[in-house]
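Data block below; observations after.
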Amino acid sequence: MSQVRLRFAPSPTGYLHVGGARTALFNWLLARKQHGKFILRIEDTDVARSTQQSVDAILEGMTWLGLDWDEGPFYQSDNFPLYKEYVQKLLAAGKAYKCYCSSEELEAKREQALKEGGKPKYDGTCRELAAQPDDGRPYVVRFKAPQQGTTSWVDLVKGKISFENAELDDLIVQRTDGTPTYNFVVVVDDASMAITTVIRGDDHVNNTPRQILLYQALESEVPSFAHVPMILGADKARLSKRHGATSVIAYREMGFLPEAMVNYLVRLGWSYGDEEIFSLEDLIQKFSIENVGRSAGVFNTEKLLWLNAHYIKNGDPVRLAGLVTPFLSERGVKPEGGPDLVAVVKTLQERAKTMLELADGALFYYRGDFAYDEKGAAKFFNAETPALLAELLGKLEALGSFDLAAIEGVFKAICEEKGIKLGQIAPAVRLALSGSTASPGIYEMIEVFGKAETGKRLERAIAAIK
RNA sequence: GGUCCCAUCGUCUAGUGGUUAGGACACCGGCCUUUCACGUCGGUAACAGGGGUUCAAGUCCCCUUGGGAUCACCA
């Protein structure tokens, strides 16, 4: 069997949408799994709405997710001559005809039909017209679709789907201005690129019978189709901006990791037993289009967040340090000169659900001029505190090796000597070091700060209490 | 409205005729603990409804209901 060829064919009229990203992911996965090719094609036949900026945004999104392509990006706008040629072929073979109806006329007929409860399909006025000499009258080219019989296919995710040809009308393949239309272009491209499997959103199932008919008219092999369900918002309506972010890149900006996004997206509609965590490598091995569900799924940020937290928790601190840096500079913090960022990240990994939270959590390490949490100060800073902190400071400074165990030893010693509990000193230290009542572990913070900075902060607190 | 598709906890899902209907997120409790988290243990929670078929139906068929998609010289 020859190798599979799949494609992702976004139209460059906006950002890479999470739904599009999932479609791209499924295509990519299948191509990789079956050692086939993954092709990127930009569907920009609508010249007015397509922008290079959108193309860049889409490529950026795919690259961020780790989806690379073997061929392309191809631009449909480069293929206009090819489409023209195919239109001529259809015309010559009597499989298409020129239609002189104006769009105003058609619009009126449609409304009329709709009003009378009929079908708003083309009435076939020009269908049987004899070939007309080109006298300058504007025309579109319509595909002469069969009016009897049924068209069906076995969808890789939905099973057998059939349509009565009588329900279909003669779609326009070439506009008045000579440019080709979507349904036609997709077929010509998929055929000429020898695409074997088309995975796309199920908003395309209604286009599929027309496209199959077109393949047949063009005498091309019909690829297999897999229509994956839509992604819905919490109210079960098609996911849109009003449900929150829909752009993949927006998720990066909100501090999500690409592996979390990929993992979330793939599990939305696909499953592998009880497993939840999948890397791209796992997926190449485990993914199969047969296990994609047939029903639409609701995009659930909570679960994405959980996955993101998982990947942050288990991520490489060096990489995370690199990723958090831009978020820190947005907050006016540059780690140079402060505690080692990698060490800082390690203390925050299990406490952050997003890189944004990680950045916020790291701020106090690099800012020594914070105000102490009011309630915390009222509760944990008291008359005894300065002496205790001073005692602690002295013992810490006397320490030889400044590691976790040694630091913990100091606290133990103080508690024993003073006959107090850890709870009588720890919260004050936490407040002194971080300004907050919620922070990483005290010993960890002290180790990360080192003697000098720990000393500075302890002194500052002592002074503040007095 | 026509056509097409879909239907298991709130959400993502497992389930392919015989299960105490399983897992995950979220939620609620216990434990762990220097805080917050992490972790861990446990709990609440679902087969949309009605007819069939069958010894047996979440699983097969039909209808109803509900949801979604699409009906452009957009893609």
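We name chains A, B, ... by the order of the sequence lines, and we start the count at 1 in each one. Given the structure is predicted, the values throughout are model-derived calculations rather than measurements.
- Shown are A:D169, A:N183, A:D170; of these, the side-chain hydrogen bond (donor to acceptor under 3.5 Å, both in side chains) with A:R210 is made only by A:D169.
- In the set B:rU3, B:rA75, B:rU13, the nucleotide with an atom closest to the side chain of A:F163 is B:rU3.
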Report all interatomic pairs (protein N or O, nucleotide N or O of nucleotides 59-62 of chain B) with separations under 3.5 Å.
none

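- Nucleic acid contact for A:G269: sugar-phosphate only, since backbone atoms but no base atoms lie under 4.0 Å from a heavy atom of the residue.
- Within 4.0 Å (heavy atoms only), A:R238 reaches sugar-phosphate atoms of the nucleic acid but no base atom.
- Set against B:rA7, B:rU34, B:rC73, the side chain of A:S103 has B:rC73 as its closest nucleotide.
- Among the protein residues, A:P229 comes within range of no part of the nucleic acid, since none of its heavy atoms lies under 4.0 Å from any strand.
- No engagement by A:T179 is indicated, since no non-hydrogen atom pair under 4.0 Å with the nucleic acid exists.
- Contacts of A:H227 with the nucleic acid, taken as non-hydrogen atoms under 4.0 Å apart, are absent.
- Ring geometry, A:W270 versus A:Y272: the interplanar angle falls under 30°, so the pair is classed parallel (tilted spans 30 to 60°).
- As judged by a 4.0 angstrom heavy-atom cut-off over every strand, A:N183 is placed among the base-contacting residues.
- At least one cation-pi condition fails for A:R142 and A:Y97: the charged atom is not both under 6.0 angstrom from the six-membered ring centre and inside a 45 degree cone around its axis.
- For A:N79, the side-chain contact (heavy atoms from CB on, under 4.5 Å) partners two or more places apart in sequence, or in a different chain, are A:L82, A:Y83, A:D189.
- Partners of A:S50 under the side chain to side chain donor-acceptor pair (under 3.5 Å) rule, at least two apart in sequence or in another chain, do not exist in this structure.
- Among the protein residues, A:I161 comes within range of the sugar-phosphate backbone only, with heavy atoms under 4.0 Å from sugar or phosphate atoms but none that close to a base.
- Judged by atom type and distance alone, A:T176 reaches the base of B:rC73 through a side-chain donor-acceptor pair under 3.5 Å.
- The side chain of A:E302 sits closest to B:rC25 out of B:rC5, B:rC73, B:rC25.
- At the phosphate of B:rU35, neither OP1 nor OP2 sits under 4.0 Å from any side-chain N or O atom of A:S439.
- Using a 4.0 Å heavy-atom cutoff across all strands shown, A:V298 reaches sugar-phosphate atoms only and no base atom.
- Contact annotation for A:T45: backbone-only contact, meaning every heavy-atom pair under 4.0 Å involves sugar-phosphate atoms and none involves a base.
- A:L268 comes within contact range of the sugar-phosphate backbone alone, with a heavy-atom separation under 4.0 Å but no base atom that close.
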Taking N or O atoms only and anything under 3.5 Å, show me the protein contacts with nucleotides 38-44 of chain B, one pair per line.
{"residue": "B:rC38", "atom": "O3'", "partner": "A:K313", "partner atom": "NZ", "Å": "3.0"}
{"residue": "B:rG39", "atom": "OP1", "partner": "A:K313", "partner atom": "NZ", "Å": "2.9"}

Set out, line by line, the N/O atom pairs under 3.5 Å between protein and nucleotides 17-23 of chain B.
{"residue": "B:rG22", "atom": "N2", "partner": "A:D274", "partner atom": "OD1", "Å": "3.3"}
{"residue": "B:rG23", "atom": "N2", "partner": "A:R267", "partner atom": "NH2", "Å": "3.4"}
{"residue": "B:rG23", "atom": "N2", "partner": "A:E276", "partner atom": "OE2", "Å": "3.2"}

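- Distance check on atom P: B:rU44 versus B:rC63 gives 38 Å, rounded to whole Å.
- When heavy atoms are screened at a 4.0 angstrom cut-off, A:C101 is found touching base atoms of the nucleic acid.
- Looking at A:Y86 and A:S192, their side chains never bring a donor and an acceptor atom within 3.5 Å of each other.
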Can you pull every protein N or O that's under 3.5 Å from an N or O on nucleotides 46-48 of chain B?
none

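- Rounding to the nearest 0.5 Å places NZ of A:K346 at 9.0 Å from CD of A:E447.
- Remark: A:K236 is not in phosphate contact with B:rG66, judged by side-chain N or O atoms under 4.0 Å from OP1 or OP2.
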